[in-house]
Amino acid sequence: MGEKVFMRGNDAIGEAAVQAGCQCYFGYPITPQNELTAYMSKRMIEEGRVFIQSESEIAAVNMCFGAAAVGQRTMTSSSGPGISLKQEGISYMAGAELPMFFVNVMRGGPGLGNIAPAQSDYFQCTRGGGHGDYRVICYAPSNVQELYDYTMLGFDVADRYRNPSMIAADGILGQMMEPLVLNEYKDPGDLPTKQPWRLGDPSTPEPIWITSVHLGEGKLEEHNLELQKKYDAIERDEVRYEETMLDDAEIVMVAYGTAARVAKTALAVAREEGIKVGLFRPITIWPYPYQQVRDLADRVENLLVVEMSLGQMWEDVRLAVEGNARVHLHGRTAGGVPVVTEVVEHLKKVMASKGDEIIRNF
Amino acid sequence: MEKVFTKPEAMKPEQTLYCPGCGHGTAHRMVAELVDEFGLRERAIGIAPVGCSVFADRYWNFDVISAAHGRAPAVATGMKRGNPDSFVICYQGDGDLAAIGTAETIHAANRGEHFVTIFVNNAIYGMTGGQMAPTTLCGQRSQTCQLGRDPDIMGHPIRVCELVRDLPGVAYLARGAVDSPKNVIQTKKHMKKAFQTAIDGKGWSLVEVVSPCPTNWGMAPQKALQWLRENLLEHYELGVFRDCEAE
């Protein structure tokens with residue numbers, strides 16, 4: 001076991017990245033992830049690695065594109081409005097099959113929105129966000145320890161699949177301080193070597209071309225179908241989730257990140273009041289645990305999605321259950337955080353409801 | 001019999017797909033000759049820009065990456081910082097460098113990034129079919145200024161060398177043209193200096209290459225060269241704009 005420390009979420013991500021061998025960090029300030037950029041500005045230079053505060057988010061992600069192409073572990077971080085700008089580079093990196101790791105510490109949107117914690121970028125994180133048929137592996141941690149651990153894993157899966165991977169946190173997780181065990185980075189050992197494709201390497205004298213352009217007739221479709229095989233493998237092998245008290249549950253909450261922390265407390269309160277409720281927490285929001293959520297519909301008639309957005313993950317849960325359960329929604333937005341008593345009230349309402357009524361609380 | 005002229009090793013034995021009279025082939029070749037002369041082929045990385053030369057990898061016999069429109073200086077920054085032993089050649093056109101990528105260009109220059117930029121300026125967007133570029137001359141016609149560029153409506157043609165020459169990170173800055181053997185030789189001398197500057201790690205360097213686009217100018221190749229000399233070179237003065245060694 002590593003050393004136990006007390007650390008802020010944003011800093012924990014930075015330290016995990018340093019430990020995981022991130023060689024190049026490129027970032028641009030935006031609240032509520034500024035501590036991460038600040039942390040990297042010190043630690044990366046201390047380690048003799050690359051840190052640049054870029055002129056924009058677009059420049060930052062394209063610097064990642066370059067650094068990844070020469071085979072370095074590379075990273076950027078931002079919040080919603082900045083992630084919107086980075087989508088250009090993320091799409092290009094997915095197309096060119098380059099690994100990178102990026103962090104979205106979400107704030108309220110749309111537009112400039114506010115700087116309060118939110119889960120409003122769920123669609124952006126899980127639907128690709130940029131243009132084209134592509135996917136990004138996305139972890140949704142719910143405490144500082146997980147921010148640390150999934151950052152390390154994020155670099156590994158990016159390298160394994162030659163694909164961007166990310167963490168979707170929110171302003172609370174980024175800013176909160178919690179005890180944390182500094183688990184040592186363990187190289188999984190089975191990662192593919194970058195030697196055959198990295199640029200500028202004199203040991204590979206044959207010219208190498210890295211691109212996302214495929215103009216010949218049928219060429220892009222061929223390429224995209226190859227990418228799809230990779231996404232299928234990721235969907236098969238990389239789904240992660242946590243289950244709490246599902247065995248005797250009569251209703252199941254589905255929540256991730258900070259909303260899942262609230263839901264977990266609501267579960268304890270509701271259980272004391274005799275409501276048999278369980279909690280299903282997706283840890284990967286892409287690949288989404290569709291099958292596991294589908295299976296919940298065989299156990300219970302009612303699911304309650306708790307999220308800090310207005311029904312963005314709700315859509316995935318409804319997709320998963322395919323009409324075999326009623327999916328209710330407790331959504332807060334723009335910095336609103338679900339309140340335990342209100343979630344419990346919502347559970348009670350659902351338990352008392354009859355017929356096909358879907359109860360949505362905002 | 002002695003062989004006195006051949007393709008550089010850094011050029012693949014391919015026929016380019018550029019239109020007759022286009023300047024890209026000449027600019028590509030000059031880059032390739034210098035890659036050979038400096039012995040850089042195994043660690044060189046070219047950036048193929050958006051536009052007509054997006055398939056530069058078909059012609060250059062060294063590693064190539066294709067960057068998004070305007071982002072080549074950021075990609076070059078990431079590559080050179082990530083692999084300081086590489087030799088990075090950022091090859092861009094006027095829309096790429098002086099319109100959508102202005103911010104990336106200015107900030108890479110200001111940071112004094114150690115890569116070479118070859119800036120092909122033909123005063124028009126080529127691949128997308130002849131739209132106005134930031135470098136299109138006043139009065140010049142294009143698909144998106146069909147009555148001629150009116151500076152009151154569309155702004156003035158940007159002189160990139162003059163724009164960036166005062167940035168402290170800039171080490172070498174010159175403008176050449178590919179309209180005549182004399183200018184081709186001079187442009188290659190500029191490029192050679194830029195390569196040396198990057199190899200020596202002295203800062204950011206750029207060589208602008210004023211180049212014809214007969215197809216989108218709507219002229220025969222010979223006429224295009226004449227038009228270039230009589231019009232473009234009036235606005236885009238040839239010469240060295242910054243040379244940190246001479247200062």
Side-chain angles (χ1 to χ4, degrees), chain A residues 22-26 28 44 49-76 85 87-93 95-96 98 100 130-131 194 197-216, chain B residues 9-12 17 35 39-50 54-90 100-111 113 115 127:
Chain A
C22 173
Q23 289 295 330
C24 299
Y25 174 92
F26 307 103
Y28 188 81
M44 293 297 276
R49 303 182 194 176
V50 178
F51 170 89
I52 295 180
Q53 180 175 321
S54 60
E55 60 272 28
S56 70
E57 286 91 348
I58 299 175
V61 75
N62 282 283
M63 289 174 190
C64 287
F65 188 92
V70 295
Q72 298 291 20
R73 279 200 158 178
T74 175
M75 170 181 178
T76 188
L85 297 174
Q87 296 296 346
E88 175 192 283
I90 293 164
S91 166
Y92 275 71
M93 291 182 85
L98 287 177
M100 74 167 287
H131 57 285
K194 298 176 181 180
W197 56 263
R198 69 178 169 217
L199 302 181
D201 180 352
S203 72
T204 50
E206 286 306 305
I208 296 165
W209 181 29
I210 289 184
T211 189
S212 61
V213 64
H214 304 272
L215 289 183
Chain B
E9 196 192 353
M11 283 298 273
K12 289 178 184 164
L17 295 174
V35 166
L40 298 167
R41 201 182 64 81
E42 291 188 344
R43 58 193 183 95
I45 311 172
I47 303 187
V50 289
V54 68
F55 288 123
D57 67 287
R58 295 181 180 184
Y59 313 130
W60 282 332
N61 187 27
F62 46 86
D63 293 354
V64 178
I65 189 168
S66 52
H69 35 31
R71 316 304 175 217
V75 175
T77 298
M79 290 197 295
K80 186 64 186 170
R81 297 283 190 116
N83 180 0
D85 292 334
S86 62
F87 184 82
V88 178
I89 305 151
C90 193
I100 195 167
T102 319
E104 284 80 358
T105 299
I106 286 175
H107 288 277
N110 190 49
R111 288 190 303 266
E113 298 291 342
F115 60 81
M127 187 184 255

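Naming: A, B, ... by sequence-line order, numbering from 1 per chain. Everything quoted here is computed from the prediction, not taken from an experiment.
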With a 4.5 angstrom heavy-atom cut-off, which part of [X] approaches chain B: side chain, backbone, both or neither?
X: A/R49; value: neither
X: A/S203; value: neither
X: A/C64; value: neither

Can you tell me how far [atom2] of [Y] sits from [atom1] of [X], rounded to the nearest 0.5 angstrom?
X: B/E104; Y: A/S54; atom1: CD; atom2: OG; answer: 9.0 Å
X: A/D201; Y: B/E42; atom1: CG; atom2: CD; answer: 9.5 Å
X: A/E55; Y: B/T102; atom1: CD; atom2: OG1; answer: 11.0 Å

What is the minimum heavy-atom distance between [X] and [Y], and which atoms define it?
X: B/G82; Y: A/V70; value: C-CG2, 3.8 Å
X: A/I58; Y: B/R71; value: CG2-NE, 3.1 Å
X: A/P207; Y: B/N61; value: CG-OD1, 2.9 Å
X: A/G200; Y: B/N83; value: O-ND2, 3.4 Å
X: A/E206; Y: B/D63; value: O-OD1, 3.8 Å
X: A/A69; Y: B/M79; value: CB-SD, 4.5 Å

Side-chain touch [X]/[Y], heavy atoms, less than 4.5 angstrom:
X: B/F55; Y: A/W209; answer: yes
X: A/I52; Y: B/H107; answer: no
X: B/R81; Y: A/M63; answer: no

Out of [options], return the one with the most heavy atom pairs under 4.5 angstrom to chain A.
options: B/S66, B/A72, B/A67; result: B/S66
options: B/D85, B/L40, B/T77; result: B/T77
options: B/V54, B/N110, B/V88, B/I45; result: B/I45

In terms of heavy-atom proximity below 4.5 Å to chain A, should [X] be classed as side chain, backbone, both, or neither?
X: B/K12; answer: side chain
X: B/I65; answer: both
X: B/F87; answer: neither

Do you know which of [options] has the most heavy-atom pairs with chain B at a distance under 4.5 angstrom?
options: A/I208, A/T74, A/L215; answer: A/I208
options: A/Q72, A/Q23, A/R198; answer: A/Q72
options: A/G89, A/C24, A/G66; answer: A/G66
options: A/L199, A/V50, A/T204, A/V61; answer: A/L199

Mind telling me whether B/H69 and A/Y92 have parallel, tilted or perpendicular rings, with 30° and 60° as the class edges? tilted

